Amino acid sequence: MAEENYSLEIESNPNNLITVEEFVNYFAKNIGIPEARMNGLMLSVTEATTNAIKHANKCDESKRVKINVKVEDGKVIISVIDEGVGFDPLKIPDPTEPENLLKDSGRGVYLMKFYMDDLKYNVTPTGTETILVLNLNKQA
Amino acid sequence: MAEFSTSIKDQGNINIVYLKGFLDAHTAPSLENTFSGLVDKGRYQIVVNFKDLAYISSAGLGVFMAFIEKIRENNGDIKLSSMSDKVFNIFDLLGFPLLYEIFKTEEEAVKKFNEIK
């Protein structure tokens with residue numbers, strides 16, 4: 001393992017998702033994340049970043065999204081930090097309930113919860129930190 | 001990576017849309033334009049072939065939701081085909097098989113439209 005910490009900072013423009021996808025491939029390869037977990041990891045990091053760009057920072061390019069990655073005790077911990085006002089995760093509807101199937105919200109959070117081993121939020125006065133945890137010892 | 005493209009084949013009244021690459025929040029507007037173009041021309045019978053789609057995020061899934069009601073109001077449908085297991089798992093996880101018919105092959109999806117006539 002060459003490095004234990006990785007970070008990326010982008011402007012709040014969906015075009016920058018390309019950079020985020022390349023970043024995920026880069027750190028995942030270095031860390032040695034199993035291939036079977038790559039799709040879920042890519043999906044989770046891009047969903048968290050999309051939420052940060054679109055919903056939190058409202059695509060305002062003067063606002064930044066920071067992604068910090070560290071490896072600790074066999075876990076990969078990925079923080080996606082925005083500059084938005086925060087939200088209540090409990091208020092996000094379950095997108096798989098029949099009455100919500102056609103609604104556009106909640107799918108990203110649902111996917112992150114499914115593919116990651118833990119999902120937490122840290123709401124601060126300057127923005128929200130979405131924390132994704134992937135356990136390296138767990139199979140897909 | 002992160003490239004995405006669509007191409008369309010007309011097969012009688014049915015339009016087959018081929019997806020290729022990464023469908024995410026960055027590339028979803030391209031698929032929106034493709035569906036808008038079909039709807040504007042009154043082409044409501046659509047098969048989407050996922051064979052060459054490597055990746056889909058929730059923003060990509062949202063495009064299908066955005067158009068399905070209007071298309072069905074006009075007696076059309078979007079039928080899906082040829083998904084990899086990886087892409088199908090995401091559709092399945094979010095309950096899409098309740099809303100969309102998903103076929104193993106493009107031919108089966110086209111046949112289903114022709115049966116309805």
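Worth knowing before you read on, the calculation uses all heavy atoms, side chains too, and leaves out hydrogens, waters and symmetry mates. This is a predicted model, so every value here is computed, not measured. To find a chain, count down the sequence lines: A is the first, B the second, and so on, and within it residues start at 1.
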Leading residue by heavy atom contact count with chain A [cutoff under 4.5 Å; candidates Gly95(B), Gly62(B), Ala25(B)]: Ala25(B)
Among Ala54(B), Ser57(B), Pro29(B), residue most engaged with chain A (heavy-atom pairs, under 4.5 Å): Ser57(B)
Chain A contact via Leu99(B) - side chain, backbone, both or neither, heavy atoms under 4.5 Å: side chain
Leu93(B), part contacting chain A, at a heavy-atom distance under 4.5 Å: both
Top contributor to chain B interface from Leu111(A), Asn16(A), Leu43(A), Ile53(A) [non-hydrogen pairs under 4.5 Å]: Leu43(A)
Flag for Glu61(A)-Asn13(A): side-chain donor and acceptor within less than 3.5 Å: yes
Shortest non-hydrogen separation from Lys120(A) to Asp118(A) and the atoms involved: CE-OD2, 3.6 Å
From CA spacing to verdict: side chain to side chain contact (heavy atoms under 4.5 Å, CB included), Ser12(A), Val65(A): CA-CA 6 Å; Ser12(A) 297; Val65(A) 177; 3.9 Å; yes
Centroid-centroid under 6.0 Å between Phe50(B) and Phe96(B) rings: no
Spacing of CD1 belonging to Ile56(B) relative to CZ belonging to Phe91(B), to within rounding of 0.5 Å: 4.0 Å
